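One structure is given below, encoded as structure tokens.
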Amino acid sequence: MSLVTLIGDTQARIGNRFYFNGPSTECKECKLRNVCFNLDIGSLYEVVGLRDTRHECKLLEDQVRVVEVEKKAFFASVNKKYAIDGSRISMEKRECDHIGCENYKYCCPSNIKNPDKFTIVKIVEDIKCPLDEKLTLVKIE
């Protein structure tokens, strides 16, 4: 199911993906704020449709375009005991000093806010952790 929102005109291309980081305090007086901020904070979206309507945006000092977007799943690591297909989990941003680890991007995804709730849509595989944590790679949305 697609949602209608506004994004910067230069970002409005079919297939473009972005994480919604939430409303800006500078936008609280804008009459279009409800259209811009109708997405879930921290979620990944993909532009699936373009509309011809554009509006001026004081924050971007440019135009924003009406687009259709769909929420997309992304990958993250979770404690193995919580890796249950279809379950709703609460995640918090993790800190890890092993930046060079091949799984760092799954353990410390940049779009996780504290706390954040997601649904596990697929169990992928167990992953190795240099700290010997029991982790599983999952697809979440």
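Since the structure is predicted, the reported quantities are computational estimates derived from the model, not experimental observations.
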What is the distance from atom [atom1] of [X] to atom [atom2] of [Y], rounded to the nearest 0.5 Å?
X	Y	atom1	atom2	value
L44	L39	CG	CG	11.0 Å
C108	I99	SG	CD1	8.5 Å
K31	C36	NZ	SG	12.0 Å
I140	T119	CD1	OG1	9.0 Å
K122	K139	NZ	NZ	6.0 Å
E46	E70	CD	CD	7.5 Å

ask   = Crowded around K93 NZ? As in, over 12 foreign heavy atoms under 6.0 Å?
value = yes
request  = Flag yes if more than 12 heavy atoms outside K72 fall under 6.0 Å of its NZ atom; otherwise flag no.
outcome  = yes
So which atom in [X] and which in [Y] form the shortest heavy-atom distance, rounded to 0.1 Å?
X	Y	value
M91	S77	CE-O, 3.9 Å
V48	S2	CG2-CB, 4.0 Å
C129	L135	CB-CD1, 4.0 Å
G22	I41	CA-CG1, 3.7 Å
V4	N38	O-ND2, 2.8 Å

query = For the side chain of R65 and the backbone of R51, is there at least one donor-acceptor N/O pair under 3.5 Å apart?
reply = yes
request  = Begin from the C-alpha positions of E56 and Q63 and carry the test side chain to side chain contact (heavy atoms under 4.5 Å, CB included) through to its verdict.
outcome  = CA-CA 4 Å; E56 293 299 318; Q63 289 192 327; 3.1 Å; yes
Is [Y] reachable from [X] through a run of I, L, V, M, F, W or Y residues, each pair having side-chain heavy atoms under 4.5 Å apart?
X	Y	result
L60	L32	yes
L3	F37	yes
V69	L50	yes
V124	I89	no
I123	V78	yes

Decide yes or no for [X] and [Y]: does some side-chain heavy atom of the first lie under 4.5 Å from some side-chain heavy atom of the second?
X	Y	value
C101	P130	yes
V66	L6	yes
I120	I84	no

query = What pairs meet the ring pair (Phe, Tyr, Trp, His ring centres under 6.0 Å) rule with one or both residues in residues 66-121, with sequence neighbours excluded?
reply = F74-F118
task = Please report the C-alpha distance between T5 and V67 in whole Å, then the side-chain angles of each, then the deciding distance to 0.1 Å, and finally whether the side chain to side chain contact (heavy atoms under 4.5 Å, CB included) criterion is met.
result = CA-CA 6 Å; T5 193; V67 296; 3.9 Å; yes
request  = Let me see the working for N103 and L137 under side chain to side chain contact (heavy atoms under 4.5 Å, CB included), right down to the final yes or no.
outcome  = CA-CA 9 Å; N103 295 310; L137 182 64; 6.0 Å; no
query = Which is it for R88 and K117 under the side chain to side chain contact (heavy atoms under 4.5 Å, CB included) test, yes or no, and what are the steps along the way?
reply = CA-CA 7 Å; R88 184 107 172 120; K117 293 193 181 286; 3.5 Å; yes
